[in-house]
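This report concerns only the one structure given below.
Bear in mind that the values here come from a model prediction, so they are computed numbers and not experimental data. In what follows, every heavy atom counts, from backbone to side chain, and hydrogens, waters and symmetry copies are set aside.
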Amino acid sequence: MTTTITQPRSEAPATVEAPDERRRRLRTGILVLVLAVVAVLLAAFTAPETVRFALSSQFAENQLPAIALPALPVALALAAYTLVVALAQVWRGVRGRWSGLLWAGFGLAFVVTFLCWAAAGETFPLTNQLQGTLNTATPLILGALAGVLCERAGVVNVAIEGQFLAGAFAAAILTTLTKSFLAGLVAAVLAGVLIAAMLAVFAIRYRVNQVVLGVVLVVFASGITGFLFDQIPEGGAGRFNNPGVMPNLPVPVLSDIPVLGQTLFEQTALVYAMYAAVVIVTFVLFKTRWGLRVRSVGEHPRAADTVGINVLRVRYQAVLAGGVLAGLGGAFFTIGFTGSFDKDLTAGQGFIALAALIMGRWHPLGATVAALFFGFTQQLQGQLQIIQTPIPGELLVMAPYIATVVAVAGLVGRVRAPKADGEPYVKD
């Protein structure tokens, strides 16, 4: 009789979580758990009424029916979803193939829960919110992309606000004088590149402290544009500062898509240029040889130099390329939206673009998402004031900056600037 000895089946070794990963998971979990608790509290105090989301602006010829939802049940269900995701993050972490969708759902659920609480019994203008978000975010995205190019190459660009002002002023004046939006765009690009060239020369060649230099360039741009604006004779605004706004260019077929079509594909050429810039900057930085050189001189310029890369030349190129994007962002403030220039028109939006760059972790796509978040909260403030909700609008203005501080503090994962960011390079 043969006896068969069965070997015990070996179990797969359990995955051991590193201490740093565990701390990072718990920090993120506690943060999202706080947000989930806020969502639950908002849902608990939501009025048992109907919230309507308008899908067409009040001036649209073809009015789409509004989406009507029972505010209380929807808020409770979405708040429960945020709580489940937060607890899962605290327990084992939300990872895997679908983690991105789960986190996107978390953000969407939190926003809709908030809107159900704030707009219960009212009609929320969803189309106006989306359109306003895109208008506000367009210059922020262009400015943030300019910052990405500069800082990936190791040059801190605090001068985005100055590049915005210079581009806005040049676009307004040249468009008015030539009656050509194309001439205004070219002038805006040149103005942005001029400020970028000053940043590059003083930061790269003369090794001036880049943060201080950026602030000085912002003050310089504010002063020079203000001075030139004051030279416009009284009553001469029509001859020198009346460029108008670029016409919308509907994209065939795509612009007919309900809601999103009018918002995304019935825009000016500057908005389409922003779409292209996001794709081009992302591709160039991560799929081309020049992009690899930019990232290498921003991370380890000495090592890049040893393999034959001209560190200073690459930095010059990246900063000047950033000036092109920032100049276009400045043009949006005048010929893309308001139709005229005024002193300090940009109102600190360049610094918000810098915050979006940091919040987006120095990545083109991350910076774009962060800029959209900033634009969404700024537009939401105005929409909630219109429907007279009980929450102070100032709290919404604070939200993006608080989120930036949280991100930089490392509470939502590692946030690290390029290692050589802000460090002058001296060739031996």
task = Could you check whether the rings of Phe106 and Phe110 sit parallel, tilted or perpendicular, using 30° and 60° as the cut-offs?
result = parallel
query = Just by modelled atom types, is the Ala303 backbone N or O under 3.5 Å from a matching donor or acceptor in the Thr306 side chain?
reply = yes
message = Salt bridge check, Lys343 against Asp230: does any charged N sit closer than 4.0 Å to a carboxylate O?
response = yes
message = Any heavy-atom pair between the side chains of Leu115 and Phe53 that's under 4.5 Å?
response = yes
task = Would you indicate whether the side-chain heavy atoms of Glu151 and Val156 approach each other to under 4.5 Å?
result = yes
task = Kindly assign one of parallel, tilted or perpendicular to the pair Phe337 and Phe332, based on the angle between their ring planes and the thresholds 30° and 60°.
result = parallel
inquiry  = Measuring only between side-chain heavy atoms, which start at C-beta, is Thr368 closer than 4.5 Å to Thr282?
reply    = no
ask   = Side chains of Val112 and Leu108: closer than 4.5 Å at any heavy-atom pair?
value = yes
Nearest-0.5 Å distance that lies between atom OG in Ser222 and atom CG in Leu345 = 11.5 Å
inquiry  = Checking the side chain of Gln381 only, and the main-chain atoms of Thr377 only, is there a donor and an acceptor separated by less than 3.5 Å?
reply    = no
query = Is it true that atom CZ of Phe45 has more than 12 heavy atoms of other residues, nucleotides or ligands lying nearer than 6.0 Å?
reply = no
request  = Answer yes or no: is there a side-chain heavy-atom contact under 4.5 Å between Tyr316 and Arg205?
outcome  = yes
note = Exactly one of Phe164, Phe240, Phe169, Phe333 clears ring pair (Phe, Tyr, Trp, His ring centres under 6.0 Å) with Phe341, and that residue is Phe169
query = Under the 3.5 angstrom rule, does the side chain of Asn310 hit a backbone N or O of Arg313 as a donor-acceptor pair?
reply = yes
query = If you take all heavy atoms of Leu380 and Phe114, which pair is closest and at what distance?
reply = CD2-CE2, 4.0 Å
message = Whether the side chain of Arg152 engages the backbone of Trp362 through a donor-acceptor N/O pair (distance < 3.5 Å, no angle test) should be reported.
response = yes
inquiry  = Arg23: which residues meet the side chain to side chain donor-acceptor pair (under 3.5 Å) condition with it, sequence neighbours left out?
reply    = Asp20
query = Would Tyr425 and His300 satisfy ring pair (Phe, Tyr, Trp, His ring centres under 6.0 Å), going step by step from the backbone distance to the final call?
reply = CA-CA 10 Å; Tyr425 179 68; His300 203 311; 9.5 Å; no
inquiry  = Just by distance, no angles: are the side chains of Thr176 and Asn242 close enough, under 3.5 Å, to form a donor-acceptor pair?
reply    = no
key: Sequence-distant partners of Ala109, side-chain contact (heavy atoms from CB on, under 4.5 Å), two or more places apart   = Leu78, Tyr81, Thr82
key: Flag if over 12 foreign heavy atoms under 6.0 Å of CZ, Arg95   = yes
inquiry  = Regarding Thr127 and Gln262, do their side chains bring together a donor and an acceptor under 3.5 Å, going by distance alone?
reply    = no
query = Any donor and acceptor pair, going by atom type alone, linking the side chain of Thr28 with main-chain N or O of Arg25 inside 3.5 Å?
reply = no
